[in-house]
Amino acid sequence: MALQLMKLVVSAASTINTTPASEKFFYVTTAETAAGATLTVDAASFFDDAGAAVTALPALTANNSYFNVYVNGVLQMQGLATYTPGATGVGSLEVDVPAGGDPILQNSPVVLEVMNFDPQASTTVST
């Protein structure tokens, strides 16, 4: 009998579901924030989609999340905002207003969108 190369036959199929969890938080400025200053919004100053007071800002899931900040309906550059999750006194959003630019006017809406993903994977291996 002739020599043969023996090898395994394996097939695998993976299913990956990424379930997004979007949370939106709203704030209306109470005073003007001048160019070169920082607007700081505590967690308790936000309200949610239902108009209820917020008690804490959610944590960002490592490697599976992001946040967006809109001021007066306009998406802001990521480098201008600092997000800190947590409850009142800890959780906050800081928006740096660039020097030489325009201020954030009183009564401007600020929207914070936090997006976390919960990926679930399953793999079936057949031999």
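On a predicted model such as this, the values are computed, not experimentally measured, just so you know.
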Student: Taking C-beta and beyond as the side chain, do Asn17 and Pro119 meet within less than 4.5 Å on heavy atoms?
Tutor: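 Sidechains of Pro119 and Asn17: no contact.
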Student: Could you tell me whether a side-chain N or O of Thr29 sits under 3.5 Å from a main-chain N or O of Ser108, the two making a donor and an acceptor?
Tutor: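 Judged by distance alone, yes, a pair lies under 3.5 Å.
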Student: Does some side-chain heavy atom of Thr33 sit less than 4.5 Å from a side-chain heavy atom of Pro103?
Tutor: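 Sidechains of Thr33 and Pro103: no contact.
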Student: Can you see which heavy atom on Ala43 is nearest to which on Ala56, and at what distance?
Tutor: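 Scanning both residues completely, I find the closest heavy atoms to be CB-CA, 4.3 Å.
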Student: Let me check something: do Leu80 and Leu60 share a hydrophobic cluster, defined by ILVMFWY side-chain heavy atoms less than 4.5 Å apart, either directly or through other members?
Tutor: no
Student: Kindly compute the distance separating CG (Leu112) from NZ (Lys24), expressed to the nearest 0.5 Å.
Tutor: 11.0 Å
Student: Could you walk me through whether Tyr27 and Val111 satisfy the side-chain contact (heavy atoms from CB on, under 4.5 Å) test, starting with their C-alpha distance in whole Å, then the side-chain angles of each, then the deciding distance to 0.1 Å, before giving a yes or no?
Tutor: CA-CA 6 Å; Tyr27 172 74; Val111 179; over 6 Å; no
Student: I'd like to know if the side chain of Gln4 and the backbone of Ala2 have a donor-acceptor N/O pair within less than 3.5 Å.
Tutor: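 Not at all, since once roles are kept as given, no pair shorter than 3.5 Å links the two residues.
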Student: Using a 6.0 Å cut-off, check whether atom CG of Asp102 has over 12 heavy atoms from anything other than its own residue.
Tutor: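 Open: at most 12 neighbouring heavy atoms sit under 6.0 Å from CG of Asp102.
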Student: Can you name the closest pair of heavy atoms from Val97 and Ala35 and give their distance?
Tutor: CG1-CA, 3.7 Å
Student: Would you say Val69 and Met77 make side-chain contact, with heavy atoms under 4.5 Å?
Tutor: no
Student: On the 0 to 90° scale, with breaks at 30° and 60°, tag the Phe46-Phe25 ring pair as parallel, tilted or perpendicular.
Tutor: perpendicular
Student: Give, for atom NZ of Lys7 and atom CG of Leu5, the distance between the pair rounded to the nearest 0.5 Å.
Tutor: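 Lys7 NZ to Leu5 CG: 6.5 Å, rounded to 0.5 Å.
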Student: side-chain contact (heavy atoms from CB on, under 4.5 Å), that's the test. Do Val10 and Val125 meet it? Break it down for me.
Tutor: CA-CA 7 Å; Val10 178; Val125 178; 3.8 Å; yes
Student: Would a single hydrophobic cluster contain both Phe67 and Tyr70, if residues Ile, Leu, Val, Met, Phe, Trp and Tyr are joined by side-chain heavy-atom contacts under 4.5 Å?
Tutor: no
Student: OG/Ser65 to CE/Met115 distance, rounded to the nearest 0.5 angstrom?
Tutor: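 Going from OG on Ser65 over to CE on Met115, the span is 10.5 Å.
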Student: Grab the two heavy atoms, one from Pro58 and one from Val114, that are nearest each other, plus how far apart they are.
Tutor: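 Minimum heavy-atom contact is CG-CG1, 3.9 Å.
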Student: Take Leu105 and Asn107, measure what side-chain contact (heavy atoms from CB on, under 4.5 Å) needs, and give me the verdict at the end.
Tutor: CA-CA 6 Å; Leu105 300 177; Asn107 296 320; over 6 Å; no
Student: For the OH atom of Tyr83 and the CG atom of Leu57, what is their distance to the nearest 0.5 Å?
Tutor: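 Atom-to-atom, Tyr83:OH and Leu57:CG are 4.5 Å apart.
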Student: Quick check against the 3.5 Å criterion: does Gln106 have a side-chain atom that pairs as donor or acceptor with the backbone of Thr30?
Tutor: yes
Student: Would you mind reporting whether Leu39 and Val110 have side-chain heavy atoms less than 4.5 Å apart?
Tutor: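 Counting from C-beta outward, Val110 and Leu39 do come under 4.5 Å.
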Student: Hydrophobic cluster membership, with links at side-chain heavy-atom distances under 4.5 Å among I/L/V/M/F/W/Y: are Leu75 and Phe26 in one?
Tutor: yes
Student: Judged by atom type as modelled, is there a donor-acceptor pair below 3.5 Å linking the side chain of Asp42 to the main-chain atoms of Gly89?
Tutor: yes
Student: How long is the gap from CG on Asn116 to OG1 on Thr19, to the nearest 0.5 Å?
Tutor: 12.0 Å
Student: What distance do Thr61 atom OG1 and Asp118 atom CG have between them, rounded to the nearest 0.5 Å?
Tutor: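 Going from the OG1 atom of Thr61 to the CG atom of Asp118 covers 7.5 Å.
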Student: May I ask you to decide if Thr40's main-chain N or O and Ser92's side chain share a donor-acceptor pair within less than 3.5 Å?
Tutor: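 A pair under 3.5 Å: no.
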